[in-house]
A.B. asks: 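Structure incoming, see below.
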Amino acid sequence: MHILLVASAFNSLTQRVHAELRDRGHTGAVELALPGRRLTEAVDRHDPHLVLAPMLKTAIPREVWTVRPCLIVHPGPLGDRGPSSLDWAVQEGAEDWGVTVLRAEEELDAGAVWATAGCPMPPVAKSDLYRGEIADAALAAVLLAVERFASGTHRPLPQGTGHTRPCLDQSVRRIDWAADSTRTVVRKLRAADSRPGVLDVLCGAEWYLHGGHPEHRLHGAPGTLLATRTGAICRATTDGAVWIPELRRRRVPGQPPTVRLPAVTALGDRLPDLPELAPSPAVDTGSRGWSDISYREDGEAGFLEFSFPGGAMSTTQCRRLLAAYREACARPTAVLVLGGRRDFFSNGIHLGVIEAAADPAAESWANVNAIDDLVEAVLTTTDRLVVAALGGNAAAGGVMLALAADEVWCRSGAVLNPHYRLMGLYGSEYWTYSLPRRVGAAAAEQLMADALPVSASGALRAGLVDRVIECGPGDFAARTGRLAVRLAALPGTASRIAAKKAERDREESVEPLSLFRERELARMRRTFDDPAAPYHALRRAFVRRQRPSGTPPHLARATGPRAGTEPAGRTGPRVTGTDRADRPSAAHG
């Protein structure tokens, strides 16, 4: 079928649906629902069999849904309605949730139901859930709805009475530091991640707080700042404290949107003198509380885990991760696994920190060199096997960091964006070496030119990854751990390590890695130093969340299935498959 995706932004879920539908043989395009743009004309131009809205903040016009089949993806179970569905679920501590695919009609979220899927709700941030459990459920429900629509025989069921929740505004999100427990504060922070954040007053100014991790070892007067750790601040609650990784200054009327930054960076001179409590990753096993980098071992397998907000890696974060990597490489292991337990692997350089810098060009240069140093360390590790474990999405330099490893293991729900051009960059991170080596020169050029997301299964077929692990986000670390321990114990691993060193020496004698880096950085330097280069305007628009003036041409252009793909079977959470199971229950009424 030809399916048109209508979305408020080409966000993670829209990207995943786009890639997975192409994998299954459908053709499609994307149209962004933007102010001042007539969606009706765009739909008529595409003339799709089906209009599907994975993430839409505005209503589909009546003149569209009355003449064409339009399906809406709502991140809530049957009977749930409203714009803040997932926010409410996280803030209230729901343990189970779901996704509903329904027909567009006059009343929002009230249309007849085409499919539903349930999912668990682990205690993690809203954005993590959205890219993980919610995305898995959404994809399963979307695929079932598309299958039912294509059959031409299925009749969707009316919802009946539903429960419409109001928008979760700052009056409800507000933290009462004098009364709220650590658990309550963390829930409020997680429910506001990554947007809109929780509005608060700190160090004499108004800020949006982003991200929250419990801390039970530190105590102080509720609301006071206690310590810092790797860019985050620790703030006391009534029974403990919370780590807050990022802040965003409240926008002043008439001024441009503000940028989300590491909390210590954002506060700058406002930050009082506080102790820095940064654990050493090579010896810390989690006993000292939250940290964005940690290391553990299981037999001859080492696990260097990292998790940076939004997957962005600043100059400082790259350097800290490189130091931790070198410490991990000093340990007596045969396999080193690099990656997080869930959610983002890496999206490359930190555009927000770059944008806020006094000299963005200089910070861009520092950041790209720092991540190049990290990638080089991985590429030149010859005394053990390195595995990149992608529990979630990766993009740009983050994909290239993964490709530097000997093996790339990817969760089935991850989406990869192995390209740079949408940010006006040629790219670095040794991509001109790693990407063609993986997929071939022609495929590498095509991936860069298309600038489209690739599903986990598509990445496996293309050669971007070596193994796809079919599991939920919460099971990825355990599954990866067992595989890594098994890999370290295999008789052939020692010979692979020996062969790896010989091959690296041979390649270095033919064309040194330094030449790839020099060529890439020469082009990047020209871009950074040119104030008129599109990169600067594109970066500014990205970090300040400026809406595009129209749908980018590469999205509006209809794309089909990748060559050589086979229709994939349906996987993921349990999906209701009978009319009776699709009926709303009293619990959601």
A.B. asks: For Glu92, I'd like to know if atom CD has over 12 heavy atoms of other residues, nucleotides or ligands within 6.0 Å.
C.D. replies: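 Count over threshold, so yes.
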A.B. asks: Taking Ser307's backbone N and O only, do any of them form a donor-acceptor pair with Arg341's side chain (distance below 3.5 Å, no angle check)?
C.D. replies: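 Side chain of Arg341 to backbone of Ser307: no pair is present.
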A.B. asks: Give the minimum heavy-atom separation between Ala266 and Leu247, together with the two atoms involved.
C.D. replies: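 Heavy atoms of Ala266 and Leu247 come nearest at CB-CB, 4.0 Å.
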A.B. asks: Is His419 reaching over with its side chain to a backbone N or O of Leu447, donor-acceptor style, under 3.5 angstrom?
C.D. replies: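 Checked: no pair found.
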A.B. asks: Between Glu305 and Arg296, does any NZ, NE, NH1 or NH2 come within less than 4.0 Å of an OD or OE carboxylate oxygen?
C.D. replies: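 A salt bridge links Arg296 with Glu305.
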A.B. asks: If you take the centroid of each ring, where Trp contributes its six-membered ring, are Phe10 and His18 closer together than 6.0 Å?
C.D. replies: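 Yes.
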A.B. asks: With distance as the sole test, does Asn347 use its side chain to make a donor-acceptor pair with the main-chain N or O of Gly310 at under 3.5 Å?
C.D. replies: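 At least one qualifying donor-acceptor pair exists.
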A.B. asks: What's the shortest heavy-atom distance between Ser455 and Ala19, and which atoms?
C.D. replies: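 Distance-wise, the nearest heavy atoms are N-CB, 3.7 Å.
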A.B. asks: So how far is it from Ser457 OG to Glu20 CD, rounded to the nearest 0.5 Å?
C.D. replies: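 The CD atom of Glu20 is 5.0 Å from OG of Ser457, to the nearest 0.5 Å.
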A.B. asks: Once you round to the nearest 0.5 Å, how far does OG1 of Thr182 lie from NE2 of His216?
C.D. replies: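 One gets 6.0 Å once the value is rounded to the nearest 0.5 Å.
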A.B. asks: Within the distance-only criterion (no hydrogens, no angle test), does the side chain of Lys126 pair as donor or acceptor with the backbone N or O of Gln91 below 3.5 angstrom?
C.D. replies: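 Absent.
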A.B. asks: For a salt bridge (charged side-chain N to carboxylate O under 4.0 Å, His left out) check, start with the C-alpha distance between Asp406 and Arg496, then their side-chain angles and the critical distance, and finish with the verdict.
C.D. replies: CA-CA 10 Å; Asp406 300 295; Arg496 282 187 64 186; 5.9 Å; no
A.B. asks: Of the options Ile371, Thr316, Asp373, Leu304, which is the one that meets Leu321 in a side chain to side chain contact (heavy atoms under 4.5 Å, CB included)?
C.D. replies: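 For Leu321, the side chain to side chain contact (heavy atoms under 4.5 Å, CB included) check succeeds only for Leu304.
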A.B. asks: To the nearest 0.5 Å, how far apart are SG in Cys329 and CG in Leu336?
C.D. replies: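 Separation between the atoms: 5.5 Å.
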A.B. asks: Within this structure, what is the OG1-CH2 distance for the pair Thr230 and Trp243, rounded to the nearest 0.5 Å?
C.D. replies: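 One gets 7.5 Å once the value is rounded to the nearest 0.5 Å.
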A.B. asks: Please find the pair of heavy atoms, one from Gly352 and one from Leu261, that lie closest to each other, and give the distance.
C.D. replies: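 Of all heavy-atom pairs spanning Gly352 and Leu261, the closest is O-CD2, 3.5 Å.
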A.B. asks: Around Gln546, counting heavy atoms of other residues, nucleotides and ligands shown, do more than 12 lie under 6.0 Å from its CD?
C.D. replies: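 Counting neighbours around CD of Gln546, more than 12 heavy atoms of other residues, nucleotides or ligands fall under 6.0 Å, so yes.
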A.B. asks: Passes salt bridge (charged side-chain N to carboxylate O under 4.0 Å, His left out), Arg438 versus Asp466? Steps please.
C.D. replies: CA-CA 10 Å; Arg438 275 268 176 180; Asp466 302 286; 2.8 Å; yes
A.B. asks: Judged by atom type as modelled, is there a donor-acceptor pair below 3.5 Å linking the side chain of Arg331 to the main-chain atoms of Glu327?
C.D. replies: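 The answer is no, because no donor-acceptor pair under 3.5 Å joins these two groups.
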A.B. asks: For Phe476, is the NZ or CZ atom of Arg342 found under 6.0 angstrom from the centre of its six-membered ring and inside 45 degrees of the ring axis?
C.D. replies: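 No cation-pi geometry.
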A.B. asks: Tell me the closest heavy-atom pair linking Ala138 and Val73, and the distance in Å.
C.D. replies: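 Heavy atoms of Ala138 and Val73 come nearest at CB-CG1, 4.1 Å.
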A.B. asks: Return yes when atom CZ of Arg326 has more than 12 non-hydrogen atoms of other residues, nucleotides or ligands closer than 6.0 Å, and no otherwise.
C.D. replies: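 Not buried by this count: 12 neighbours or fewer within 6.0 Å.
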A.B. asks: Answer yes or no: is there an ion pair linking Asp475 with Arg482, defined by an N-O contact shorter than 4.0 Å?
C.D. replies: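 Salt bridge flag = no for Arg482 with Asp475.
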A.B. asks: Is it the case that the side chain of Arg411 and the backbone of Cys471 share a donor-acceptor pair, with hydrogens and angles ignored and the cut-off at 3.5 Å?
C.D. replies: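 Checked: pair present.
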A.B. asks: What I want to check is whether the side chains of Asn367 and Ser364 have a donor and an acceptor closer together than 3.5 Å.
C.D. replies: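 Side chains of Asn367 and Ser364: no pair found under 3.5 Å.
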A.B. asks: Check for a donor-acceptor pair, side chain of Arg540 on one end and backbone N or O of Glu355 on the other, with a separation under 3.5 Å.
C.D. replies: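 Judged by distance alone, no pair lies under 3.5 Å.
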A.B. asks: Please give me the minimum heavy-atom distance between Ile349 and Glu429, naming the atom from each residue.
C.D. replies: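 Of all heavy-atom pairs spanning Ile349 and Glu429, the closest is CG2-OE2, 4.3 Å.
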A.B. asks: Can you give the donor-acceptor pairs under 3.5 Å from side chains of residues 385-396 to other protein atoms, not counting sequence neighbours?
C.D. replies:
{"from": "Asn393", "atom 1": "OD1", "to": "Val415", "atom 2": "N", "distance (Å)": "2.9"}

A.B. asks: Could you check whether atom CZ of Arg544 has more than 12 heavy atoms from other residues, nucleotides or ligands sitting under 6.0 Å from it?
C.D. replies: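 Yes, because the 6.0 Å sphere around CZ of Arg544 holds more than 12 heavy atoms from other groups.
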A.B. asks: Quick one: does Trp431's side chain have a donor or acceptor within less than 3.5 Å of a partner on Tyr426's backbone?
C.D. replies: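 Yes, Trp431 side chain to Tyr426 backbone: donor-acceptor pair under 3.5 Å.
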A.B. asks: Counting N and O atoms only, with roles assigned by atom type, does the side chain of Trp97 sit under 3.5 Å from a partner on the main chain of Pro75, one being a donor and the other an acceptor?
C.D. replies: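 Looks like yes, one N/O pair under 3.5 Å.
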A.B. asks: Are any of the side-chain nitrogens in Asp23 or Arg461 under 4.0 Å away from the carboxylate oxygens of its partner?
C.D. replies: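 Looking at Asp23 and Arg461, the cut-off is met.
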A.B. asks: Go through the side-chain N and O atoms of Asn369 and Arg517 and say whether any donor and acceptor fall under 3.5 Å apart.
C.D. replies: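 Yes, side-chain donor-acceptor contact under 3.5 Å.
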A.B. asks: Without swapping roles, check the side chain of Glu470 against the backbone of Ser412 for a donor-acceptor pair under 3.5 Å.
C.D. replies: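 Not a single qualifying donor-acceptor pair exists.
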A.B. asks: What are the two closest non-hydrogen atoms of Asp87 and Ala191, and how far apart are they?
C.D. replies: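 Heavy-atom minimum between the residues: OD2-O, 3.2 Å.
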